[in-house]
Amino acid sequence: MNNLKSPAKRAFRAPILHFLQDPGQSPDGDAYQYYADGLLLVEDGRVRQVGSATEILGRLQADWEIVTYPDKLILPGFIDAHIHYPQIDIIAAPGEQLLEWLNRYAFPTELRFSDIAHASEVASFFIDELLRNGTTTALVLGSVHPESVDALFEVCGARKLRMIAGKVLMDRNAPALLTDTAESGYADSKALIERWHGYGRLGYAITPRCAATSSEGQLERTGQLAREYPDTYVHTHVAENQSEVAWVAELFPWSRSYLDVYDHYGLLRERSIYAHGLHLDERDRQRMAESGAAMAFCPTSNLFLGSGLFNLTAADQAGMLVGLATDVGAGTSFNQLRTLKEAYEVLQLIGQSLSPLRAFYLATLGNARALYLDQHIGNFEPGKEGDFIVLDPASTPLMARRLQTVKDLEELLFVLMMLGDDRAVLATYIMGEVAHQR
Ligand code: GUN
Ligand code: ZN
């Protein structure tokens with residue numbers, strides 16, 4: 001346990017891993033840097049240098065405080081590319097697939113976010129839970145109420161986090177108290193963008209919930225907003241469930257596919273993040289790739305709701321940007337190690353695989369790229385923001401035992417992702433300051 005003061009210069013000594021490229025595309029070892037005895041220098045909240053401890057220590061001035069985590073593993077903070085903060089209280093709600101689950105669990109719990117005191121209480125818990133699980137940045141859906149996003153951003157701003165969030169837009173096929181209108185949704189989103197986008201490390205996501213819950217008029221206004229604010233995000237769901245896909249085809253009879261509805265309204269662009277994409281065709285994948293939009297793979301949610309199996313190889317072959325996400329509350333864990341385990345298992349079922357190196361890339365630099373944030377976060381290049389985590393590969397007796405027969409880094413990472421959970425997250429640092437410590 002390290003008792004930290006607040007010096008501007010802090011050096012973290014531990015095994016350190018970070019990625020420079022996608023190991024799926026550069027398999028020959030230059031995709032990552034691993035220092036078995038590494039040193040990460042963080043000055044005024046930003047990475048100054050990373051490298052071998054013995055090489056750097058010889059030249060290090062005496063004013064650097066040294067913090068050591070022997071036998072642990074330092075990684076850039078995990079990033080979650082799609083999560084719903086108002087759904088915490090219905091995580092693990094059993095028995096339904098998507099459309100029934102929305103009506104029975106998600107909508108009723110989101111109704112409570114008209115109450116700002118409730119929203120603030122949940123927002124604080126939500127952020128604590130992310131940090132406890134080593135997630136330092138997330139792309140978050142609020143509820144339809146603009147106040148829900150104010151409540152979340154207040155907490156994130158006070159804690160100096162890099163977070164993206166947005167108010168859900170939905171003007172049909174939901175309870176009356178949970179709907180906005182094309183005009184109010186546009187105006188409320190615009191006001192939130194003006195208030196929060198670019199404030200500290202916060203970013204705004206224009207968030208139509210899904211095609212089935214927005215009228216054509218609302219999607220029109222949403223596209224207009226996305227054009228007016230090209231550096232904001234667009235965030236929604238696509239092609240998650242077969243019944244949903246069939247319903248969207250009825251609601252938009254002119255559309256070629258579910259994704260085509262969004263394309264028609266100008267919502268496919270860089271910084272557009274789509275969750276799921278389980279039921280796409282080749283033309284959809286091509287449109288995703290050429291537009292620069294990203295797909296968030298949500299394996300715990302896809303298994304929990306029985307939605308389907310994500311085809312990673314097809315996404316890769318099309319050249320799509322792919323991220324990894326929990327999708328809590330349909331997802332069953334905040335933890336990206338648990339999410340990677342289920343990603344691996346989903347891919348096993350369709351004869352595909354996820355190497356441990358690519359898995360940890362996806363949860364860090366891969367998600368930073370999917371969110372177009374890799375100039376700020378995702379790895380330890382000099383100047384990047386000092387958001388990082390310390391993992392304990394021996395956090396349970398079983399893991400400690402398994403560790404004794406681990407031969408190399410890849411096996412260590414595989415054991416972490418198959419057996420690890422929140423207990424493996426020993427510490428989470430935000431801009432070089434400890435934000436969670438077990
Ligand atoms: N599609 C529309 N809304 C939702 C939601 O809240 N969760 C999931 N998993 N899919 C959705
Ligand atoms: Zn979702």
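Each ligand, and each atom within it, is numbered from 1 in the order the structure gives. Start at 1 with the first residue, then count along the sequence.
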Is the CD1 atom of Ile350 crowded by more than 12 outside heavy atoms at less than 6.0 Å?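 Enclosed.
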
How far does CG of Asp171 sit from CG of Asp180, to the nearest 0.5 angstrom?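 One finds 6.0 Å between CG of Asp171 and CG of Asp180.
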
In this structure, CZ of Arg221 is separated from CG of Leu169 (nearest 0.5 Å) by 11.5 Å

Near the Zn ion (ligand 2), is there an N/O/S atom from Asp327 that is less than 2.8 Å away? yes

Presence of N, O or S from His82 under 2.8 Å of the Zn ion (ligand 2):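 Yes.
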
Considering only heavy atoms of [X], which atoms of ligand 1 have at least one such atom less than 4.0 Å away?
X      : result
Cys210 : 2 (C)
His84  : 5 (C), 6 (O), 7 (N)
Ala330 : 9 (N)
Leu98  : 8 (C), 10 (N), 11 (C)

At under 4.0 Å between heavy atoms, which part of [X] makes contact with ligand 1: side chain, backbone, both or neither?
X      : answer
Leu102 : side chain
Phe304 : neither
Leu141 : neither

Do any nitrogen or oxygen atoms of [X] come within less than 3.5 Å of a nitrogen or oxygen of ligand 1?
X      : value
Glu240 : yes
Glu244 : no
Trp101 : no

Sorted by chain and residue number, the side chain to side chain contact (heavy atoms under 4.5 Å, CB included) partners of Ala151 (sequence neighbours excluded) come out as Tyr85, Ile116, Ala119, Ser120

